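What you see is a predicted model, and the numbers here were worked out from it, not measured in a lab.
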Amino acid sequence: DHGRPIRIMFNISAVVIPLFIIFRTSYFHDSWKDIFQTWCTFAFLIRFPMAWIFKKCTTHRGIFHSIPAIGIFGAFLYFLTDHDIHNKDTQAAIAISGSVGYFTHLLLDELWSVDFNGVAIRVKRSSGTALAFRKKNIATTAFAYALLISLGYLIWLDQQGITLESLISLFNIF
C-alpha cells in the first residue's frame, strides 16, 4: 500500500486519465474553464478517493493478477483512446496491444515464480497465482467478470455505432 510503484501509478494516472476523459468528451465542454474544472475533478478523484479504495480493497497478487483483469484493462484502453467513430481499428489495436502487454507481465510473473537458480528446479509459493481465472474471494471474482462482460457489451455497442458518448449524453453526466 505504501510502495513506490503504487504512488507512481496513481500520480501518473491522476494526470493522464483526466486528459483522455476530456479528449473523449471535448464537445461537452464550452470553455477552457470547464475543461480545467473537469480535469481537476477527475485528477482529484483518481489521486485520492480511488487510490484509497484501491489500497483498501486489493491485495498483492489479487484480482489484478488474473485473466479477467487483462480484458478489463484492454476495455478501459479501448474507451480511453480514440473517439472518432470511423477509426475503430485504432481503438481495437491499442486495446489489444495493452492487453498483450498486461498478459506478458502476468506471464513473466508466473515464470519468475519458478526458481531455476538451485541444483534442482523448485516452484515458489506464488506459482499459479498470476495467471488465474478466479481468485479466493468469490465476490471479487464475480465483480471482475460482471465488469468484463459489461465492458465487452459496451465495446460491442460501440462497434455497432452506439458510442459511449451517446450513452453518456442520455444520462447527462457531464
Taking a hydrophobic cluster as the set of Ile, Leu, Val, Met, Phe, Trp and Tyr residues connected by side-chain heavy atoms closer than 4.5 Å, whether directly or through intermediates, do [X] and [Y] fall within one such cluster?
X: L148; Y: V100; value: no
X: I12; Y: I21; value: yes
X: I46; Y: F48; value: no
X: W32; Y: L19; value: yes
X: F76; Y: W156; value: yes

Answer yes or no: is there a side-chain heavy-atom contact under 4.5 Å between [X] and [Y]?
X: R4; Y: I8; value: yes
X: L108; Y: H105; value: no
X: I67; Y: I70; value: yes
X: Y78; Y: K88; value: yes
X: T38; Y: P18; value: no

Go through it in stages, so that I can follow the logic: the residues are F79 and L151, the test is side-chain contact (heavy atoms from CB on, under 4.5 Å), and I'd like the CA-CA distance, side-chain angles, deciding distance and then a yes or no. CA-CA 9 Å; F79 287 118; L151 290 170; 4.2 Å; yes
Could you give the distance from [atom1] ([X]) to [atom2] ([Y]), rounded to the nearest 0.5 Å?
X: S99; Y: I94; atom1: OG; atom2: CD1; answer: 11.5 Å
X: F20; Y: L77; atom1: CZ; atom2: CG; answer: 8.0 Å
X: I155; Y: S150; atom1: CD1; atom2: OG; answer: 11.0 Å
X: I35; Y: C40; atom1: CD1; atom2: SG; answer: 12.0 Å
X: T140; Y: Y145; atom1: OG1; atom2: OH; answer: 13.0 Å
X: R47; Y: W52; atom1: CZ; atom2: CH2; answer: 14.5 Å

Using the benzene-type ring in the case of Trp, are the ring centres of F64 and F54 under 6.0 Å apart? yes
Working note: F42 + I17, criterion side-chain contact (heavy atoms from CB on, under 4.5 Å); need CA distance, chi angles, decisive distance, verdict. CA-CA 8 Å; F42 280 106; I17 291 176; over 6 Å; no
For Q37 versus T41, what's the shortest heavy-atom pair and its separation? O-OG1, 2.7 Å
Which heavy atom in F44 sits nearest to a heavy atom in P49, and how many Å separate them? O-CD, 3.2 Å
Return yes if some donor-acceptor pair links the side-chain N/O of D158 with the main-chain N/O of L154 below 3.5 Å, else return no. no
Name the orientation class of the two ring planes belonging to F36 and W39 (parallel below 30°, tilted from 30 to 60°, perpendicular beyond 60°). parallel
